[in-house]
2 protein chains.
Amino acid sequence: MSRRTTTQSAPTLATVAEEAGVSRQTVSNALNSPDLLRPDTLARVQEAIDRLGYSPNRAARNLRTRASHLVGLRVDPAVEDSANSLMDRFVHALVDSTRTTGYHVLLFTADDQEDPVDGYDELLRSAAVDAFVVTDTYRGTPHSAFLAERGVPFVAFGRPWGDTTASHPWVDVDGRAGVMLAVDHLVGRGHRRVAWVGWQKNALIGEDRRSGWVDRMHEHGLSTTQLSARGEDTLEFGARAAKALLDADQAPTAFVCVSDTVAMGVLRTLHERGLRPGQDVAVVGFDDSIAAQVHTPALTSVRQPLEQVAVELVGFLGDLLAHRPIPEPGKVLTPTLSVRATS
Amino acid sequence: MSRRTTTQSAPTLATVAEEAGVSRQTVSNALNSPDLLRPDTLARVQEAIDRLGYSPNRAARNLRTRASHLVGLRVDPAVEDSANSLMDRFVHALVDSTRTTGYHVLLFTADDQEDPVDGYDELLRSAAVDAFVVTDTYRGTPHSAFLAERGVPFVAFGRPWGDTTASHPWVDVDGRAGVMLAVDHLVGRGHRRVAWVGWQKNALIGEDRRSGWVDRMHEHGLSTTQLSARGEDTLEFGARAAKALLDADQAPTAFVCVSDTVAMGVLRTLHERGLRPGQDVAVVGFDDSIAAQVHTPALTSVRQPLEQVAVELVGFLGDLLAHRPIPEPGKVLTPTLSVRATS
DNA sequence: TTGAAAGCGCTAACAG
DNA sequence: CTGTTAGCGCTTTCAA
């Protein structure tokens, strides 16, 4: 009782038209503008479609409409030993969001990892994708400016730091507010000496997060002097920074970290020194990675609303590709704090 | 000095042909069968292509050749609180492997998470993808049988457990051998009572891994009685199992775990009881997840060669789509042991 | 070795 | 509301 024999080629518009006793165009209309058809015709066509198991050929449709309904996402190699599985969660969220809109996500990598725009051009020129999602936030690489310059249609996860001329749609998470959440939480638990372990000064994202710590500490009437460390996004740096801070005159009783990776380093130092996280010293990370969740003790962390980021991005994508005007092309979402055992 | 004005439509074969002073067909040949052209003609065409920044339109090519050069990969929601970032690493590896072959990876999700084949049909019928990569290993869901039945072209990460009729290409990792590695390692460090913390009996992957523990222990002349626990793939189960095993008459001095998630649970129990992992009790996980790497102390874990798995799968994909015969459609790769502080 | 003609399956524009 | 015509950009015949 198979609907079509295996060796037979797939049904086309013409097949369906014949089956339903209408013209090819009517079938096309049934698919794309069903309201143009009389209900009974529509039903008849729909029935034929179901009976034959017909799906419109995408290549033909793409050729005709000059759209692929694909969005490209460049995935760069995951960094081992880094707690950051942010990308994983984001990809899931993005694929989920695109599903309802008829778009699909095409993954690609750069031949040349150093070139921020490698891979984009070819995919676009060959009409393989309609647009891109770029994740600037992720490592702070300024792909956006290059892409915008070349007229590549894209939406970005991550705001165009400092670039006031940018006009592409973007969605970002308010890292500063997330850190403020962490500071409030710790101060609420009685901590007065709350340290910051962050990235280098030239990391704009890192500085934004840090400003949340500085400002909130001051608002609480607390000092930030001698309580800040800056370095790379590695476990080793976190461990080193914690040692230095703990050895200072007035050792901090709590650490707010720019990332879970760094926080894991802080935890390692605490462990080495026999300090119990959550009891002797509090630690808060950033990203709410899997590693944070399964660590013992589980790490309190700032959680980015990636699912919502994805939804907003896909919304912008729709506007962009439909050439709808985008009045306010930037959106900042607020993170939450996942409170766990380390605080 | 722009190569083409922004408002102008992309160059086509005809544009290039005119530019080079040859026919469209010659340009097509230059692209697909360059050896048919005279060197000087080829050079002239190539130059025109470069000058115009031409890339063949994929939709047109796909329509004509009835191939999309896309492979589908269904991503299911990541499970929170589980250490398993295996999928993330695998996706990266796959995208990397496909790059050189001219294929791209298309991501999709199922509307209905429960239906093991939801989403595949539509993508295939509409010729959106040429084939699929399915990751049976990941959760042990038997997609393969369903897909094979429907004549869907696919390659699988994960062997067709028990299904002797399966004829699709697959690549798998020898979990049993991985666990044997772990047992050897622990016994070599003087452990005699090595426990197993695994999955339910009906998880074929889990049982395969467990057999490595059972057999190897016996080969070392060691007993396995009262040293095994079975349950779900959660941190809580790992913690519970460790408690029960430690409370038994002859407490184990080492734990081999079916997954990092479970191992994290074991570590939690050790922590609660003041037992130092790697000193008082050894623990080995499976998957070498990020969480294992950044944990304090870092978790020894069996590492699957996902990069190699991806390469082999893409090789099979090439054979499959070129209708080349595949003499031996299964390949088993051997994992390695990442030794860290917990053992 | 190069060129001309045909057509993949679809949708946009128009005519009925 | 339905049908006819044309053509998207490419590759696959087949001739020259």
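Letters go in sequence order (proteins before strands), and every chain restarts at 1. Keep in mind that this is a model prediction, so the values were computed, not measured. Atom set for the values below is all heavy atoms of this structure, side chains included, hydrogens, waters and symmetry mates excluded.
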Just by distance, with hydrogens left out, do D130(B) and S68(B) show a side-chain donor and acceptor under 3.5 Å apart?
yes
Backbone N or O of N29(A) within a donor-acceptor pair of the S33(A) side chain at under 3.5 Å?
no
With heavy atoms of chain B within less than 4.0 Å as the criterion, where does contact along DNA chain D begin and end?
dG9(D) to dT12(D)
Does T41(B) have a side-chain nitrogen or oxygen under 4.0 Å from the phosphate oxygens OP1 or OP2 of dT2(C)?
yes
Can you confirm whether L317(A) sits close enough to F132(A) that some side-chain heavy atom of one is under 4.5 Å from a side-chain heavy atom of the other?
no
Is a donor on one side and an acceptor on the other found under 3.5 Å between the side chain of R125(B) and the backbone of N57(A)?
no
Salt-bridge criterion met for D111(B) and R99(A) (N-O under 4.0 Å)
yes
Quick test of your reading of the model: are R24(B) and E18(B) salt-bridged, counting only N-O distances below 4.0 Å?
no
Can you name the closest pair of heavy atoms from A30(B) and V45(B) and give their distance?
CB-CG1, 3.6 Å
Sugar-phosphate means primed atoms, P, OP1 and OP2; the rest is base. With that split, encode nucleotides 11-16 of chain C 5' to 3' as B, S or - using protein heavy atoms under 4.0 Å.
BBB---
Which part of the nucleic acid does L63(A) contact within heavy-atom distance under 4.0 Å: base, sugar-phosphate only, or nothing?
base
Short side-chain to backbone donor-acceptor contact, S126(A) and E122(A), under 3.5 Å
yes
Length of the line joining R38(B):CZ and dT1(C):P, which is rounded to integer Å:
8 Å
